[in-house]
Chemist: 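Before I ask anything, let me first share the structure, which is written out below as structure tokens.
The sequence lines fix the lettering, A, B, ..., with proteins before strands; numbering per chain opens at 1. Only a predicted model underlies this, so the values are computations on that prediction, with no experimental measurement involved.
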Amino acid sequence: MDIQDTLSNSKKRLDAQKVRIYLCGVTVYDDSHIGHARTIIVFDVLRRYLESAGAKVELVQNFTDVDDKIIDRARAESSAAGIVSGRYIESYFRDFDELNVMRADSYPKATEHIGEIIDYISTLEKKGAAYSSANGVYFAVSAFSRYGVLSKKKIDELQSGARIEVDESKKDPLDFALWKFSKDDPSWDSPWGRGRPGWHIECSAMSTKYLGENFEIHGGGRDLIFPHHENEMAQTETCTGAPFAKIWMHVGMVTINGEKMAKSTGNVRSVRRVLDEWGPNIIRLFCLSGHYSKPIDYTEDLLCEDLAKWRQAETCYFELIHAGGPGGGASGMVKEMSASFDAALRDDLNTHLALSAFFGMVKVANKMAAEGTLGGDDARAIRPELERMMGILGLSIPEITQEEIQEIDGMITQREELRKEKKFSDADRIRDEISGMGVELLDHGHGTVWVRREKIRAEN
RNA sequence: GGUACGGUGGCAGAACGGUCAUGCGUGGGCCUGCAAAGCCUAUACAAGGGGGUUCGACUCCCUCUCGUACCUCCA
């Protein structure tokens, strides 16, 4: 497949059988929000697609668990950094498991790689790219002549535009911390003095450890391009002397009603909250509704649209289960939609077009079902393809037990008899009862089909 | 100020140098005991402004403009 590479600003072919991906995860000082969810869902779909296409994927996603914000939070709670980060790592997994995000192969933490980080800084020091000063150990940007290539920034412009107070102990305002001196917890001994790692160095040390010096894809949110990824690249390539990631892949931001999500404006949408309101499938549809590289705006209207689409997909899923009898003629359509689904994802993970193919198939199947032309052969052609697409998109229909099926079928039979006797109010009572169980009835000319509806709180 | 990405019908959103997907929405009708689901049909002057290249541009180039993000907290 082809993926847009931030560094070369062009699409790059990815045809390796083994794809190693390093995804910059979250700093665990608070609950995850919808922006984190988008990035992680995009990479989840990338991973699922690559695996379905036969590639062996190794996905590593870090947790930044040592950071000023974590320390501040711990201080505010009279707690310890480890307690705070531990709590938010737990909440991360609760949220993202529920979002149906597959687990990465590993989730390395900065605090568990202090030895590797120190070794990394030592190597940089030996190469003359790091120096120790009053406040910490810094990376000398001057040691990396290509500094700025990833974010397309010119060094002299960066200096004049710097709006943060300059640390006088640095040789150059652009130099960034590899190690910050501190005696307070959390801190570790190092050859330069007690302290803790800077932000960027963990990703260099851990990506190299788990994926090697040169791997296929390095990704994260667009806001990480500068300074995080720029700095990572400078460190890593200086250290290894080899090119770092083959492809840099960045996911666009999520805005809320057209505005940036910010604590100060109080418009941060936590994953927990949107999950409670909309459930995993609709959030995934939302996050995949536009191209990953572009920003998307979180609005009630768009979520409602995704809800309507999800209802169609549910309908289709159950229509296929119930379908039987004569029919045929769907197989051509299935092949076509399947091909366009794959072609869309192959071209820079165009999930919007892939969803068009998915819902195109859903629409055709639902139409056939309503007309009574959806036969057993059709269902056998459509269903595996529908499930394959849902698998790649990470959409899932809750399991339904055999007992529930029997109970519902029994009630439907009762209702049918009442309807034949024209006892409509009694029949409607049964329909209401079934509806209370989260099951909707579709009366077709040729019989009644039931659909289990996912409960969406925002719907009411 | 700099950099990046974008500005396509009411909304969302693709592709493509020549025919401007698709979905949602909206109007009307059909089906139904009723509803839901589904269908049929209609609907939209669609491309931020201005230049240029071209037989022809939404698509390429220039310019202006607007939006969003980033410029050492940020997914």
Chemist: Is A/Trp450 near enough to B/A37 that one of its side-chain N or O atoms lies under 4.0 angstrom from OP1 or OP2?
Modeler: no
Chemist: Need the pair for B/A12. Rule: Watson-Crick or G-U wobble, both distances under 3.5 Å, any strand; none if unpaired.
Modeler: B/U22
Chemist: With a 3.5 Å cut-off and no angle check, do the side chains of A/His291 and A/Gln4 form a donor-acceptor pair?
Modeler: no
Chemist: Take A/Ser356 and A/Tyr29, find for each the nucleotide of RNA chain B with the closest heavy atom, and name the residue whose nucleotide sits nearer the 5' end.
Modeler: A/Ser356
Chemist: Report yes if a side-chain nitrogen or oxygen of A/Lys170 is closer than 4.0 Å to either non-bridging phosphate oxygen (OP1 or OP2) of B/U72; otherwise report no.
Modeler: no
Chemist: Determine whether any donor atom in the side chain of A/Asp67 lies under 3.5 Å from an acceptor atom in the base of B/C74, or the reverse, and answer yes or no.
Modeler: no
Chemist: Using the C1' atoms only, state how far B/C60 lies from B/C16, rounded to an integer number of Å.
Modeler: 13 Å
Chemist: Given that both distances must come in under 3.5 Å, which nucleotide forms a Watson-Crick or G-U wobble pair with B/U68?
Modeler: B/A4
Chemist: What is the pairing partner of B/U32, taking Watson-Crick or G-U wobble pairs with both distances under 3.5 Å in any strand?
Modeler: none
Chemist: Rounded to whole angstrom, note down the P distance from B/G10 over to B/C34.
Modeler: 37 Å
Chemist: With the side chain of A/Ala370 defined as its heavy atoms from C-beta on, choose the nearest nucleotide among B/U72, B/A14, B/G38.
Modeler: B/G38
Chemist: For A/Tyr147 and A/Asn231, which I'm curious about, is there any donor-acceptor pair between the side chains at under 3.5 Å?
Modeler: yes
Chemist: Give me the distance, rounded to whole Å, that separates B/A46 from B/A15 when you measure between the C1' atoms they each carry.
Modeler: 15 Å
Chemist: Evaluate whether atom CD of A/Glu300 has more than 12 neighbouring non-hydrogen atoms of other residues, nucleotides or ligands under 6.0 angstrom away.
Modeler: no
Chemist: When the aromatic ring centroids of A/Phe144 and A/Phe139 are compared, is their separation below 6.0 Å?
Modeler: no
Chemist: Ignoring hydrogens and angles, answer whether the base of B/A35 and the side-chain atoms of A/Asp428 contain a donor-acceptor pair closer than 3.5 Å.
Modeler: no
Chemist: Picking from B/G2, B/U72, B/A75, which would you name as closest to the side chain of A/Val26?
Modeler: B/A75
Chemist: State whether A/Lys367 places a side-chain N or O below 4.0 Å from either non-bridging phosphate oxygen (OP1 or OP2) of B/C40.
Modeler: yes
Chemist: Quick one: which of B/A21, B/C70, B/A37 gets closest to the side chain of A/Leu442?
Modeler: B/A37
Chemist: Paired with B/C74: which nucleotide, if any, by Watson-Crick or G-U wobble criteria at under 3.5 Å for both distances?
Modeler: none
Chemist: Once you round it to whole Å, what is the distance between P of B/C24 and CG of A/Leu302?
Modeler: 14 Å
Chemist: Determine: side-chain N/O of A/Lys363 to OP1/OP2 of B/C24, distance under 4.0 Å, yes or no.
Modeler: yes
Chemist: Can you see if the side chain of A/Gln312 gets near the phosphate of B/C24 - specifically, an N or O under 4.0 Å from OP1 or OP2?
Modeler: yes
Chemist: Donor-acceptor pair, distance only, cut-off 3.5 Å: does the side chain of A/Arg73 make one with the backbone of A/Ala81?
Modeler: no
Chemist: Whole Å only: how far is the CD atom of A/Glu336 from the C1' atom of B/U22?
Modeler: 13 Å
Chemist: Sort out the partner of B/C58 for me: Watson-Crick or G-U wobble, both distances under 3.5 Å, none otherwise.
Modeler: none
Chemist: Considering only side-chain heavy atoms of A/Leu224, which listed nucleotide, B/C5, B/G38, B/A75, is closest?
Modeler: B/A75
Chemist: Between B/U8 and B/C31, how far is it from one C1' atom to the other, in whole Å?
Modeler: 37 Å
Chemist: Whether A/Arg20 engages the ring of A/Tyr210 as a cation-pi pair (distance to the six-membered ring centre under 6.0 angstrom, angle to the ring normal within 45°) should be assessed.
Modeler: no
Chemist: Report yes if a side-chain nitrogen or oxygen of A/Asn9 is closer than 4.0 Å to either non-bridging phosphate oxygen (OP1 or OP2) of B/C5; otherwise report no.
Modeler: yes
Chemist: Give a yes or no on whether a donor-acceptor pair under 3.5 Å exists between the nucleobase atoms of B/A4, that is its base, and the side chain of A/Arg222.
Modeler: no
Chemist: Ignoring hydrogens and geometry, is there a side-chain-to-backbone donor-acceptor pair from A/Glu230 to A/Gly148 under 3.5 Å?
Modeler: yes
Chemist: With the side chain of A/His291 defined as its heavy atoms from C-beta on, choose the nearest nucleotide among B/A14, B/C11, B/A4.
Modeler: B/A14
Chemist: Once you apply a heavy-atom cut-off of 4.0 Å, does A/Val254 come out as touching a base, just sugar-phosphate, or nothing?
Modeler: base
Chemist: Angle between ring planes, A/His322 versus A/Trp450, binned at 30° and 60°: parallel, tilted or perpendicular?
Modeler: perpendicular
Chemist: Starting at atom CD of A/Glu230, determine the distance to atom C1' of B/A4, rounded to an integer number of angstrom.
Modeler: 13 Å
Chemist: Taking N and O atoms by type only, does the side chain of A/Glu305 place a donor or acceptor under 3.5 Å from a partner on the base of B/G25?
Modeler: no
Chemist: Once you measure the plane-to-plane angle for A/Tyr92 and A/Phe63, does it fall in the parallel (<30°), tilted (30-60°) or perpendicular (>60°) bin?
Modeler: perpendicular
Chemist: Which part of the nucleic acid, if any, lies within reach of A/Asp301 when heavy atoms closer than 4.0 Å are counted: base, sugar-phosphate only, or nothing?
Modeler: nothing
Chemist: Looking only at side-chain atoms of A/Phe176, point me to the closest of B/G23, B/A15, B/U72.
Modeler: B/U72
Chemist: Quick one: label A/Gly252 by what it contacts on the DNA or RNA (base, sugar-phosphate, nothing), any heavy atom closer than 4.0 Å.
Modeler: base
Chemist: Does A/Arg73 reach a base, just sugar-phosphate, or nothing at all? Heavy atoms under 4.0 Å.
Modeler: nothing
Chemist: Of the candidate nucleotides B/C70, B/C34, B/A14, which contains the atom at the shortest distance from the side chain of A/Lys294?
Modeler: B/A14
Chemist: Assess the residue pair A/Arg415 and A/Asp432 against the criterion (salt bridge (charged side-chain N to carboxylate O under 4.0 Å, His left out)); give the C-alpha distance rounded to whole Å, side-chain angles, the decisive distance to 0.1 Å, and a yes or no.
Modeler: CA-CA 11 Å; A/Arg415 171 171 173 265; A/Asp432 291 344; over 6 Å; no
Chemist: Go through B/G13, B/A69, B/C71 for me and flag the one nearest to the A/Met253 side chain.
Modeler: B/A69
Chemist: To the nearest Å, how far apart are A/Leu288 CG and B/A75 P?
Modeler: 20 Å
Chemist: Please work out which residues in residues 32-39 of chain A have a non-hydrogen atom less than 4.0 Å from an atom of RNA chain B and list them by number.
Modeler: A/His33, A/Gly35, A/His36, A/Thr39
Chemist: Not counting sequence neighbours, which residues clear side-chain contact (heavy atoms from CB on, under 4.5 Å) with A/Glu98? List them please.
Modeler: A/Arg272, A/Leu275
Chemist: Atom CG of A/Leu46 and atom P of B/A75: how far apart are they, to the nearest Å?
Modeler: 20 Å
Chemist: Looking only at atom P, what distance separates B/C73 and B/U59, rounded to whole Å?
Modeler: 40 Å
Chemist: Work out how far the P atom of B/C64 is from that of B/A69, and round it to whole angstrom.
Modeler: 23 Å
Chemist: How is A/Lys309 classified with respect to the nucleic acid when contacts are heavy atoms under 4.0 Å: base, sugar-phosphate, or nothing?
Modeler: sugar-phosphate
Chemist: Within the 4.0 Å heavy-atom criterion, would you say A/Arg419 contacts the bases, only the backbone, or no part of the nucleic acid?
Modeler: base
Chemist: Can you check the distance between B/G49 and B/A14, where both ends of the measurement are the C1' atom (answer in whole Å)?
Modeler: 24 Å
Chemist: Using heavy atoms to find the nearest nucleotide of RNA chain B for A/Asn231 and A/Asp297 separately, return the residue whose nucleotide is more 5′.
Modeler: A/Asp297
Chemist: State whether a side-chain donor-acceptor pair under 3.5 Å links A/Asp68 with A/Tyr29.
Modeler: no
Chemist: For A/Phe286 and B/C24, what is the distance between atoms CZ and P respectively, to the nearest whole Å?
Modeler: 18 Å
Chemist: Specify the separation, in whole Å, of atom CG of A/Asp31 and atom C1' of B/C74.
Modeler: 16 Å
Chemist: If we take the C1' atom in both B/G50 and B/U3, what is their distance in whole Å?
Modeler: 25 Å
Chemist: Of the nucleotides B/A36, B/C34, B/A14, which has the atom closest to the A/Glu440 side chain?
Modeler: B/A36
Chemist: Closest to the A/Pro227 side chain: B/A4, B/A15, B/U72?
Modeler: B/U72
